[in-house]
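One structure is given here, and the rest of the page talks about it.
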Amino acid sequence: EVQLQASGGGLVQAGGSLRLSCATSGIIFEDYAGAWFRQAPGKEREGVSSISSRDGSTYYADSVKGRFTISRDNAKSTMYLQMNSLRPEDTAVYYCAAAASGGWTARGWQRLYEYNYWGQGTEVTVSS
């Protein structure tokens, strides 16, 4: 059974930091691209960041560039999202996702359908 377990969310003041983790099991994580998406109340789920399986190339939404950093530890089958300089507009439920490398493209990293597996989400609330 494949599982993606997201954790690390919480309540933080604007300007603060959080580190999200996504622990995977049931897949050979190094063969999968990883990504973080988020969904704010009343809004569609949007791509935040992605990291490729092969060379660890990273991709970011314009809204988080320079503030968020995605990384992965294949030995631990875990992916991370370091979030700094948080803003109230970053408030959302954050989801991690994994895509088999054969079906993932750098150009399409924000497409939900490119991802085979999803975590349950962890809530991030940024107060002003």
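Keep in mind it's a predicted model, so treat the numbers as computed, not measured.
- Residues Trp109 and Tyr95 share a single hydrophobic cluster, defined by chaining ILVMFWY side chains whose heavy atoms lie under 4.5 Å apart.
- The minimum heavy-atom distance linking Leu81 with Ser49 is given by the pair CD1-CB, 4.2 Å.
- Taking the six-membered ring where the residue is Trp, Tyr115 and Phe37 present perpendicular rings, their angle passing 60° and hence far from 30°.
- Closest approach of Ser127 and Leu11 over heavy atoms only: CB-CD1, 4.4 Å.
- The hydrophobic clustering, which links ILVMFWY residues whose side-chain heavy atoms are closer than 4.5 Å, places Val64 and Val12 together.
- Between the side chain of Thr24 and the backbone N or O of Thr78 there is no donor-acceptor pair closer than 3.5 Å.
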Show your reasoning for whether side chain to side chain contact (heavy atoms under 4.5 Å, CB included) applies to Arg72 and Ser53.
CA-CA 9 Å; Arg72 62 190 296 158; Ser53 60; 4.3 Å; yes
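- Between the side chain of Thr122 and the backbone N or O of Tyr94, no donor-acceptor pair lies under 3.5 Å.
- Between Gln13 atom CD and Ser128 atom OG the span is 9.5 Å, to the nearest 0.5 Å.
- In this structure, Val2 is a member of the same hydrophobic cluster as Trp36, with clusters built from ILVMFWY side-chain heavy atoms closer than 4.5 Å.
- The heavy-atom pair separating Lys43 from Gln39 by the smallest distance is O-NE2, 3.1 Å.
- Looking at residues two or more places apart in sequence or on another chain, you find a side chain to side chain donor-acceptor pair (under 3.5 Å) between Arg67 and Asp90.
- Using a 4.5 Å heavy-atom threshold, the side chains of Arg38 and Ser63 count as touching.
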Begin from the C-alpha positions of Gln5 and Gln120 and carry the test side chain to side chain contact (heavy atoms under 4.5 Å, CB included) through to its verdict.
CA-CA 7 Å; Gln5 183 71 40; Gln120 85 291 357; 3.1 Å; yes
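- Using cut-offs of 30° and 60° for the angle between ring planes, the Tyr32 and Tyr117 rings count as tilted.
- Between the side chain of Ser52 and the main chain of Ser57, a donor-acceptor pair closer than 3.5 Å is present.
- Within the model, atoms OG of Ser50 and CE of Met79 stand 8.0 Å from one another, a figure rounded to the nearest 0.5 Å.
- A distance of 8.5 Å separates CD in Gln82 from CG in Leu18, rounded to the nearest 0.5 Å.
- With 3.5 Å as the limit, one finds a donor-acceptor pair spanning the side chains of Thr105 and Glu114.
- With rounding to the nearest 0.5 angstrom, the CG atom of Leu86 is 8.5 Å from the OG1 atom of Thr91.
- Side-chain contact, Ser17 with Asn84: a donor N or O sits under 3.5 Å from an acceptor N or O.
- Cluster membership check: Leu4 shares its hydrophobic cluster with Val124, using side-chain heavy-atom separations under 4.5 Å among Ile, Leu, Val, Met, Phe, Trp and Tyr.
- Hydrophobic clustering (side-chain heavy atoms under 4.5 Å, transitive across Ile, Leu, Val, Met, Phe, Trp, Tyr) keeps Phe29 apart from Trp118.
- Remark: of the listed residues Ile70, Ile51, Leu20, Asp73, Asp73 is the sole one forming a side chain to side chain contact (heavy atoms under 4.5 Å, CB included) with Tyr80.
- Interatomic distance, CD of Gln3 versus OG of Ser77, reported as 13.0 Å (0.5 Å rounding).
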